[in-house]
Amino acid sequence: MIDEADRLDAALDSRPEVVGPDLGPLLEVAAEVSRFLDARLLAPHERHQIYMRAMSAAARQARFARVRRALTDRRLPAIVGGAAVTVAAAAAIAVALTRDRRTHAPSPVAV
Amino acid sequence: MHRSAAELETERQQILAAQRDRAAFAPLYERYVDQIFAYAYTLTKDKEQAEDVTAATFAKAIEELPRFQWRGVPYSAWLYRVAGNLVTRERRRPGWIELEPHMATDATDPSDVAERMDRDSEIRGAVAALPADQRQAVVMRFGGELSCREIGEIMGRSEGAVKLLSFRALTTLRRRLGAPLPAERGRARGAS
């Protein structure tokens, strides 16, 4: 059977000379099945719909990948740390200014 | 049955074009969407699931496009592998359901069309009744134009095992279907 399978495979690969009359009927059925499987199974609108789904899924995946990359980026802790230091410094300056204003508030005028 | 070197080169160029511009992926999609859908259909037994798998397969294809490396085998081999992995991952059992192809027939005589549709129904039933591994091999060999070696890589079987699967499948199909329609006989002779 292995020899027959080999000869059939070679015949299917455009070498019909290797096939004897015993395998001819199998070539016929192979041609028929090929024709059947070559037929378009999806209607044009179904093909279009699947294409749009694939495109949007790929775009979504690309966005996730970008976010993931950003989260695993080594610069991220430095950026977050820098931002935190900036916010803390701004808060400290604001507190200092407020206290300063209170300390040097104009003295009440004696009536 | 096999792709010629020129056909493979055309496909390589199409992939390179798609890597430069995603819009250029459309011809590759058009070429393979029905094959991948048919394959997913044979595995999932459900049209909606097959559509989901097909969409997910092409989404993965688009996503992986920048990293795709040409290895001289049809692009469909990679797509079949992805589709098979997606189905396996979702633990869907192999099977088959009724397919109603939207196919254009070259027959114009209504009686010829009816005869062809009856015959297609017989072929569909006969392919559906094959064992799952033979059915997969048939769909990829005769619907996807892949070589036994390429199919073997996808199915995790040896080239010889795939040849035997194809041989057994065709023997069974011939026994169930009998001789083809006269028009098909002419086509088969023309091909050989």
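Order of the sequence lines sets the chain letters (A, B, ...), proteins ahead of strands, with each chain counted from 1.
You'll find the side chain of A:Arg53 reaches within 4.5 Å of the side chain of B:Asp52, heavy atoms only. Considering only heavy atoms from C-beta on, A:Gln61 stays 4.5 Å or farther from B:Lys60 through its side chain. Side chains of B:Lys47 and A:Glu46 form a contact here, defined as non-hydrogen atoms less than 4.5 Å apart. Looking at heavy atoms from C-beta onward, B:Ile123 lies in side-chain contact with A:Arg35 at the 4.5 angstrom threshold. A:Leu12 places a side-chain heavy atom less than 4.5 Å from the side chain of B:Phe142.
Under the 3.5 Å distance criterion, the side-chain polar atoms of B:Arg174 are left unmatched by any main-chain donor or acceptor of A:Val29. Within the 3.5 Å criterion, the main-chain N or O of B:Tyr29 finds no donor-acceptor partner in the side chain of A:Tyr51.
Contact check on A:Asp9 versus B:Arg149 returns no salt bridge, with no Lys/Arg side-chain nitrogen under 4.0 Å from an Asp/Glu carboxylate oxygen. Ion pairing between a basic and an acidic side chain is recognised when a charged N comes within 4.0 Å of a carboxylate O; A:Asp3 and B:Lys163 show no such pairing.
When all heavy atoms of A:Ala54 and B:Ala55 are compared, the pair lying nearest together is CB-O, 3.4 Å.
Only the side chain of B:Leu177 comes within less than 4.5 Å of a heavy atom of chain A; its backbone N, CA, C and O stay farther away. Of the two parts of B:Glu30, the backbone and the side chain both hold a non-hydrogen atom closer than 4.5 Å to a non-hydrogen atom of chain A. For chain A, the nearby parts of B:Val138 are the backbone and the side chain; heavy atoms of each come within less than 4.5 Å. Proximity to chain A is absent for every atom of B:Ala126, based on heavy atoms less than 4.5 angstrom apart.
B:Arg157 CZ: 12 or fewer foreign heavy atoms inside a 6.0 Å radius.
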Got a list of side-chain donor-acceptor pairs under 3.5 Å for residues 8-19 of chain B, not counting sequence neighbours?
residue	atom	partner	partner atom	Å
B:Glu9	OE1	B:Arg12	NE	3.1
B:Glu9	OE2	B:Arg12	NH2	3.1
B:Glu9	OE2	B:Gln13	NE2	2.7
B:Thr10	OG1	B:Ala6	O	2.9
B:Glu11	OE1	B:Tyr32	OH	2.2
B:Glu11	OE2	B:Tyr32	OH	3.3
B:Glu11	OE2	B:Tyr75	N	2.5
B:Gln19	NE2	B:Leu65	O	2.8
B:Gln19	NE2	B:Phe68	O	2.9

